[in-house]
Engineer: 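The structure under discussion is supplied below as structure tokens; questions concerning it will follow.
For ligands, and for the atoms within them, numbers begin at 1 and follow the listed sequence. One is the number of the first residue; the rest follow in order along the sequence.
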Amino acid sequence: MSVPLLDLKAQYLELKEELDSAIGEVMSSAGFIGGPRVRQLEASIAEYCGTEHAVACANGTEALFLILAAMGIGKDDEVITTPFTFIATAEAIAHVGATPVFVDIEPDTYNIDVSLVEAAVTSRTKAIMPVHIFGQCAHMGPLLEIAERRGLRVIEDACQAIGATYGGKRAGALADVAAFSFFPSKNLGCAGDGGMITTDDDELASGCRKLANHGTTVKYYHDTIGVNSRLDALQAAILLVKLPHLDRWNAERRAAAAVYDELLADTSLDLPAAREYGEGVYHLYIVRSPERDRLMEALKAAGIGTAAYYPVPLHRQEAFAYLGYAEGSLPVAEAACPQTFALPAFPGITHEQQEAVVTVLREAGV
Ligand SMILES: *Cc1c(COP(=O)(O)O)cnc(C)c1O
């Protein structure tokens with residue numbers, strides 16, 4: 001039985017009528033940029049996350065960039081983050097001219113190791129940017145405590161974690177500000193690129209909104225140099241149809257994770273660790289084995305979708321060679337990268353599909 005890593009076509013067919021009609025309405029309205037659907041989506045995401053403001057933008061990478069730029073973070077500043085994430089996290093820091101400072105991760109959740117953060121704070125540090133990796137929140141309590149004591153801002157990279165909770169609050173409402181991505185494969189995905197910033201901070205919200213629209217608040221008057229980073233009405237309309245289904249999809253992801261947790265409990269694979277402080281949304285179900293490459297080959301040969309997350313930690317990427325991190329400088333992340341990979345765990349995956357995945361893994365000797 002072949003099983004894809006993610007089944008976006010099934011998700012479209014499930015909501016086809018509503019999606020097609022929402023798209024048709026935007027086409028007939030001929031209002032493609034901004035407008036009521038984008039405003040409505042902002043209000044819905046703010047309500048969903050529990051924040052005062054939500055500001056739509058072009059994608060998750062630019063959400064991070066706009067936040068940093070609106071905070072005035074730039075040259076000579078440092079931002080502490082994790083090396084075990086998608087490049088976008090650190091790319092945004094570099095794009096405002098600041099220096100990413102990488103701190104090692106926990107070996108079982110793959111989130112930033114909060115106990116190592118304070119030692120990385122210098123007189124140049126302006127912010128900490130934790131990533132809620134694979135949909136489980138980073139340990140925000142102690143992180144916020146360090147930030148408060150050292151006078152730092154905290155920016156959540158919540159791109160993989162819409163709907164996840166920490167201490168009863170949702171990702172997006174856990175720190176000063178957060179970035180979300182609506183890339184199609186994310187837990188809430190559009191039909192292209194899209195992003196959102198959530199915050200309770202009035203000034204930061206209006207700063208991000210202005211920067212995202214060419215530094216404009218009054219049309220054709222520009223008080224600062226901004227960028228073009230807008231969400232279009234088609235994407236907003238699609239996301240408005242999908243948002244009411246998000247909690248159910250996330251519950252289905254958690255259920256699929258629980259099935260693997262049980263079926264793989266007696267194997268040699270390291271299964272994802274779930275912390276008690278909140279509820280994760282399993283953007284990806286990541287397992288770990290020293291035999292990673294051989295197991296991935298076996299899965300691929302059986303028609304089962306899998307992928308390595310993340311094959312190279314950011315501090316060892318060519319693009320960040322200028323930062324000068326030697327091999328062995330962040331040993332936990334470096335040990336994880338050759339061993340971690342994703343199993344299919346999308347909303348709607350059937351028990352038979354999961355059993356087929358497990359059978360292949362067992363035949364490969366896990
Ligand atoms: C997807 C992702 C981003 C970037 O989002 P885009 O919308 O693709 O720009 C940033 N950080 C993390 C952790 C992501 O997974």
Engineer: May I ask you to decide whether Asp261 forms a salt bridge with Arg254, counting only side-chain N to carboxylate O separations under 4.0 Å?
Structural biologist: no
Engineer: Taking Arg209 first and then Glu42, would you say they form a salt bridge - that is, a charged N and a carboxylate O separated by under 4.0 Å?
Structural biologist: yes
Engineer: Can you list every pair that meets side-chain hydrogen bond (donor to acceptor under 3.5 Å, both in side chains) and has a residue in residues 19-32, with sequence neighbours left out?
Structural biologist: Tyr12-Asp20, Lys16-Asp20
Engineer: Does ligand 1 have any N/O pairs with the protein under 3.5 Å, and how far apart?
Structural biologist:
unit_1: ligand 1; atom_1: 5 (O); unit_2: Ser181; atom_2: OG; d: 3.3
unit_1: ligand 1; atom_1: 7 (O); unit_2: Gly60; atom_2: N; d: 2.8
unit_1: ligand 1; atom_1: 7 (O); unit_2: Ser181; atom_2: OG; d: 2.6
unit_1: ligand 1; atom_1: 9 (O); unit_2: Gly60; atom_2: N; d: 3.3
unit_1: ligand 1; atom_1: 9 (O); unit_2: Thr61; atom_2: N; d: 2.9
unit_1: ligand 1; atom_1: 9 (O); unit_2: Thr61; atom_2: OG1; d: 2.5
unit_1: ligand 1; atom_1: 11 (N); unit_2: Asp157; atom_2: OD1; d: 3.3
unit_1: ligand 1; atom_1: 11 (N); unit_2: Asp157; atom_2: OD2; d: 2.8
unit_1: ligand 1; atom_1: 15 (O); unit_2: Gln160; atom_2: NE2; d: 2.9
unit_1: ligand 1; atom_1: 15 (O); unit_2: Lys186; atom_2: NZ; d: 2.9

Engineer: Indicate yes or no: does Asp108 engage Arg288 in a salt bridge with an N to O separation below 4.0 Å.
Structural biologist: no
Engineer: Can you tell whether the side chains of Lys126 and Glu78 come within less than 4.0 Å, N to carboxylate O?
Structural biologist: no
Engineer: Are any of the side-chain nitrogens in Arg292 or Asp270 under 4.0 Å away from the carboxylate oxygens of its partner?
Structural biologist: no
